[in-house]
Q: 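The structure under discussion is supplied below as structure tokens; questions concerning it will follow.
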Protein chains: 2
Amino acid sequence: MAKLRPTISDVARQAGVSKGLVSFALNDRPGVAAGTRLRILEVANEMGWRPSLRARSLSTDRAFALGLVIARDPDIMSGDPFFPAFIAGVETALAPVGQSLVLSMVQSEEAEISSYRQLAAHGRVDGVILSDLRRDDPRIALVSELGLRAITLGHPDAASPFPAISVDDSPGIRAAVAHLADLGHERIAHVAGPSRMLHGIRRSNSFASVLRERGLVDTLVVETDFTAADGARATRELLALADRPTAIVYSNDVMAIAGLGVAQRSGFEVPRDLSITGFDGSDVGAHIYPSLTTVTTAVQDWGRQAAELLLRVIAGEDSDDIELAPAQLLVRESSAPPETNTTTTTAP
Amino acid sequence: MAKLRPTISDVARQAGVSKGLVSFALNDRPGVAAGTRLRILEVANEMGWRPSLRARSLSTDRAFALGLVIARDPDIMSGDPFFPAFIAGVETALAPVGQSLVLSMVQSEEAEISSYRQLAAHGRVDGVILSDLRRDDPRIALVSELGLRAITLGHPDAASPFPAISVDDSPGIRAAVAHLADLGHERIAHVAGPSRMLHGIRRSNSFASVLRERGLVDTLVVETDFTAADGARATRELLALADRPTAIVYSNDVMAIAGLGVAQRSGFEVPRDLSITGFDGSDVGAHIYPSLTTVTTAVQDWGRQAAELLLRVIAGEDSDDIELAPAQLLVRESSAPPETNTTTTTAP
DNA sequence: TAGGTTGTCTAAACCGGTTCAGTTCGGGAG
DNA sequence: CTCCCGAACTGAACCGGTTTAGACAACCTA
């Protein structure tokens with residue numbers, strides 16, 4: 001015979017007080033005599049009482065959960081190291097405080113919107129983490145209109161009522177390009193992410209600005225949808241150019257690996273004939289041949305701090321924007337000086 | 001001023017009936033006159049009434065959510081195509097019925113156990129999906145003791161109160177090995193997953209049994225933890241053998257890609273000097289050079305059907321085990337006949 | 001000693017649904 | 001014309017917490 005879990009009324013009866021007082025005692029609120037509080041806690045503990053999240057949810061109008069809606073094709077997700085690490089980080093912040101993560105993975109913009117609507121309508125979460133910001137991102141207005149709390153991963157391109165927690169990609173991209181330029185590359189291409197995504201734009205801008213600073217060509221840019229297939233396509237296009245690049249900076253590791261495949265298949269030897277760099281260092285990039293020079297960020301930490309920030313927002317505490325340690329270049333084998341039979345550069 | 005969302009009492013008042021009757025009407029239960037029901041639905045719709053999930057949760061003792069606890073290191077997750085696709089599939093089953101997925105990613109067995117305990121104690125979910133089954137998996141007893149409903153991905157190695165939804169790996173593995181044997185390979189190795197995981201064991205067994213049937217060596221097996229790093233390590237060990245294998249069957253694509261890297265780095269040309277096959281076809285495997293022969297399953301469909309099965313279990317409907325279409329071999333470029341002129345190739 | 005203040009506690013309302021016992025009413029059978 | 005029955009509906013309890021108004025006693029002050 002399974003004995004039902006005790007309720008707050010059971011505790012009250014057992015302790016000989018009213019259930020209201022038990023509630024006060026258990027929530028550490030003033031107005032309870034020290035001795036009584038102790039006795040109540042003791043009785044509750046002894047009876048194995050656990051608060052009912054549902055009852056608490058109903059009466060306090062909170063969900064004790066955060067939401068994350070990922071709008072990406074599973075194909076893109078499949079090789080991407082970002083979300084697993086990010087979610088693992090979120091978890092480390094939530095578990096200790098008894099909160100949960102409600103995850104939704106959608107594959108179209110309509111599904112994305114209805115996903116946020118459902119989360120809000122059902123009161124499923126107290127706040128959401130907005131990732132993969134886009135230009136004029138409709139989610140910001142939507143989410144605030146729905147009355148959800150939120151934070152953004154990165155700064156949106158318009159005014160936003162939500163705090164942002166960001167990792168500056170620029171130093172990483174700049175370091176990658178500078179690294180290649182320092183090696184002597186003059187025609188450096190960029191296989192960019194979708195231009196509707198802000199981090200894609202930012203990376204592209206950083207890319208272009210370093211090149212301009214150095215007086216190098218900054219027009220070798222191909223936009224992609226972040227998939228391996230599109231990374232391969234972009235690489236084929238670049239390598240087919242009459243004046244092909246000698247180095248390619250990719251916006252993620254998956255595309256870089258696919259690009260490496262294309263290059264090798266076409267008879268180019270990397271890094272002798274072509275240098276490549278990735279982004280958002282994946283585990284596998286370290287083990288391919290040649291190993292992939294890439295740009296890494298502390299994603300798991302990002303996840304943890306994002307969750308902590310959102311919890312503070314929900315609690316109504318002051319919460320300013322957070323700027324995390326910038327992305328860092330990790331030089332491995334896939335980058336080297338270009339073949340030297342090309343024209344030599346003159347030192348400034 | 002924002003008007004508060006209407007409650008069932010508001011609808012009742014507006015329609016001139018009791019709130020009990022509104023509840024009956026909205027839940028399509030008998031005992032409501034057709035005309036009245038229509039009027040109530042009309043009023044509710046007009047007022048924009050949405051049921052409060054929290055109130056419903058409290059009174060019906062249900063969560064309207066499913067749980068998934070993933071106990072893997074983010075490093076392993078990062079290149080693995082399984083969970084993103086699986087979760088996307090789950091979502092397609094949940095969204096239409098207004099349910100949600102509560103996801104938890106943990107990195108230790110204690111954290112895993114306490115994660116299930118929290119989900120149950122908080123009544124956060126009505127059931128859980130048990131993935132990555134292990135031998136003598138403690139979660140089966142735990143989860144049933146906690147009173148959660150559940151389904152397992154694959155058949156556990158002991159009696160289980162939960163239905164299983166499985167994809168038979170054997171045909172895929174057997175096809176991969178047969179493919180290699182048919183090409184003429186005689187020394188075929190296996191880079192296996194952790195032996196504590198049932199699917200790892202099953203794949204190893206299938207591997208060994210085909211080899212025995214064909215009278216080939218079945219002892220070239222190295223166990224790994226599924227990471228790229230460990231896949232690389234296993235490959236180095238195998239290639240260092242005096243009588244090295246001419247083909248390697250990997251238990252996932254990430255390790256196969258890492259293995260390819262190791263082989264190429266050691267001067268082996270794939271597939272001329274060494275054939276390799278992966279498992280759980282990832283997007284990127286199609287774009288490396290040489291492209292990866294692998295074994296694929298319809299993971300997204302698996303996710304959708306798993307969620308649907310669990311929903312049936314929760315609803316108390318009959319729910320038998322489900323056997324999905326078996327894994328299939330996808331032959332690409334990384335497998336070819338062994339070199340016939342030399343029995344042993346020496347590493348440069 | 002009266003009056004006010006403070007601290008401790010109780011009772012009841014409340015969150016927004018579901019469910020059940022019981023009341024009302026109309027129609028068919030006898 | 002009754003009587004009975006089932007369909008339609010009401011009112012209230014219930015889920016398990018939180019919160020507020022108010023009761024009561026002890027203590028302090030004038």
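Just so it is clear, the structure is predicted and the values come from calculations on it, not from any experiment. Below, chains carry the letters A, B, ... as their sequence lines are ordered, and counting in each starts from 1.
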Q: Around A/Gln14, counting heavy atoms of other residues, nucleotides and ligands shown, do more than 12 lie under 6.0 Å from its CD?
A: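 Check fails, neighbour count at 12 or below.
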
Q: Tell me which nucleotide among C/dG16, D/dG17, C/dT19 gets nearest to the side chain of A/Leu58.
A: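 Ranking C/dG16, D/dG17, C/dT19 by closest atom to the A/Leu58 side chain puts C/dG16 first.
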
Q: What does B/Ser23 touch in the nucleic acid at a heavy-atom separation under 4.0 angstrom: a base, only the sugar-phosphate, or nothing?
A: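 Base contact - B/Ser23 has a heavy atom under 4.0 Å of at least one base atom.
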
Q: Whether B/Thr36 contacts D/dC9 is assessed here as follows: a side-chain N or O lying under 4.0 Å from the phosphate OP1 or OP2. Is that the case?
A: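 Result: yes.
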
Q: The side chain of B/Asn27 is closest to which nucleotide in this list: C/dG17, C/dT18, C/dC20?
A: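 Looking only at side-chain atoms, B/Asn27 lies closest to C/dT18.
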
Q: If you pin B/Ala55 and A/Leu26 to their nearest nucleotides in DNA chain D, which one's is more 5'?
A: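 Nearer the 5' end of the strand: B/Ala55.
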
Q: Report the distance from atom CZ of B/Arg54 to atom C1' of D/dC14, rounded to the nearest whole Å.
A: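 My rounded result for the distance is 20 Å.
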
Q: In whole angstrom, give the distance that lies between atom CZ of B/Arg62 and atom P of C/dG17.
A: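 After rounding, the gap between these two atoms is 15 Å.
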
Q: Identify whether the distance between the nearest side-chain nitrogen and carboxylate oxygen of B/Arg54 and A/Asp61 falls below 4.0 Å.
A: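 Yes, this pair counts.
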
Q: Within this structure, what is the CZ-to-C1' distance between A/Arg13 and C/dT10, rounded to whole angstrom?
A: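 Taking atom C1' of C/dT10 as the reference, CZ of A/Arg13 is at 16 Å.
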
Q: OP1 or OP2 of D/dT18 less than 4.0 angstrom from a side-chain nitrogen or oxygen of A/Arg56, does that happen here?
A: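 Indeed, a polar side-chain atom of A/Arg56 lies that close.
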
Q: Quick one: B/Ile8 CD1 to D/dC9 C1', roughly how many Å, whole number?
A: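 Rounding to the nearest Å, CD1 of B/Ile8 and C1' of D/dC9 are 15 Å apart.
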
Q: Could you pull out the closest heavy-atom pair between B/Val143 and B/Ala150, with the gap in Å?
A: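 Shortest heavy-atom contact: CG1-CB, 3.9 Å.
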
Q: Can you label the angle between the B/Phe83 ring and the B/Phe86 ring as parallel, tilted or perpendicular, going by 30° and 60°?
A: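 Perpendicular: the ring planes of B/Phe83 and B/Phe86 meet at over 60°.
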
Q: Of all the choices, C/dT19, D/dG17, D/dC9, which nucleotide is nearest to the side chain of B/Arg29 once you look at every atom?
A: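 Out of C/dT19, D/dG17, D/dC9, the nucleotide with an atom closest to B/Arg29's side chain is C/dT19.
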
Q: Without decimals, in angstroms, what is the distance between B/Asp28 CG and C/dT18 P?
A: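 Checked: the CG to P distance equals 12 Å.
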
Q: Using only side-chain N and O atoms of A/Trp49, determine if any of them is under 4.0 Å from OP1 or OP2 of D/dG17.
A: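 Answer is yes, contact under 4.0 Å.
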
Q: Give the nucleotide from the list D/dT18, D/dC9, C/dC9 with an atom nearest to the side chain of A/Val32.
A: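 In terms of side-chain proximity for A/Val32, the closest of D/dT18, D/dC9, C/dC9 is C/dC9.
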
Q: Using a strict 4.0 Å threshold on nitrogen-to-oxygen distance, state whether A/Arg304 and A/Glu91 make a salt bridge.
A: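 Here A/Arg304 does not pair with A/Glu91 in a salt bridge, since their nearest N and O are not under 4.0 Å apart.
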
Q: Base, sugar-phosphate or nothing for B/Gly35? Non-hydrogen atoms, less than 4.0 Å.
A: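 B/Gly35: no heavy atom of the nucleic acid under 4.0 Å.
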
Q: Reckon B/Ser59 has a side-chain N or O less than 4.0 Å from the OP1 or OP2 of C/dT19?
A: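 No, because none of the side-chain N or O atoms of B/Ser59 sits under 4.0 Å from OP1 or OP2 of C/dT19.
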
Q: Roughly how many Å is it from CZ in A/Phe24 to C1' in D/dT19, rounded to a whole number?
A: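 That distance rounds to 6 Å.
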
Q: Between the base of C/dG16 and the side chain of B/Lys19, is one N or O donor paired with an acceptor at under 3.5 angstrom?
A: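 Answer is no: no donor-acceptor pair is held.
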
Q: Specify the closest pair of heavy atoms between B/Arg149 and B/Leu310, including all atoms of both residues, with the distance to one decimal.
A: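 The pair with the smallest heavy-atom distance is C-CD1, 4.3 Å.
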
Q: Can you tell which of D/dC15, D/dG17, C/dT10 lies closest to the side chain of A/Leu21?
A: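 Minimum distance to the A/Leu21 side chain belongs to C/dT10.
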
Q: Let's see if you can work this out: which of D/dT19, D/dT18, D/dA8 has an atom nearest to the side-chain heavy atoms of B/Ala33?
A: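 Output: D/dA8.
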
Q: Among C/dG17, D/dG17, C/dC9, which nucleotide sits nearest the side chain of B/Pro51?
A: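 In terms of side-chain proximity for B/Pro51, the closest of C/dG17, D/dG17, C/dC9 is C/dG17.
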
Q: How close or far is atom P of D/dC15 from atom CG of A/Leu53, stated in whole angstroms?
A: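 So the CG-P distance, A/Leu53 to D/dC15, works out to 18 Å.
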
Q: Which part of the nucleic acid, if any, lies within contact of B/Arg50, taking any heavy atom under 4.0 Å across all strands shown: a base, the sugar-phosphate backbone alone, or nothing?
A: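 Sugar-phosphate only.
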
Q: If you check the B/Ser18 side chain, which of D/dT20, D/dG11, D/dG17 turns out closest?
A: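 Of all the options, the side chain of B/Ser18 is nearest to D/dG11.
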
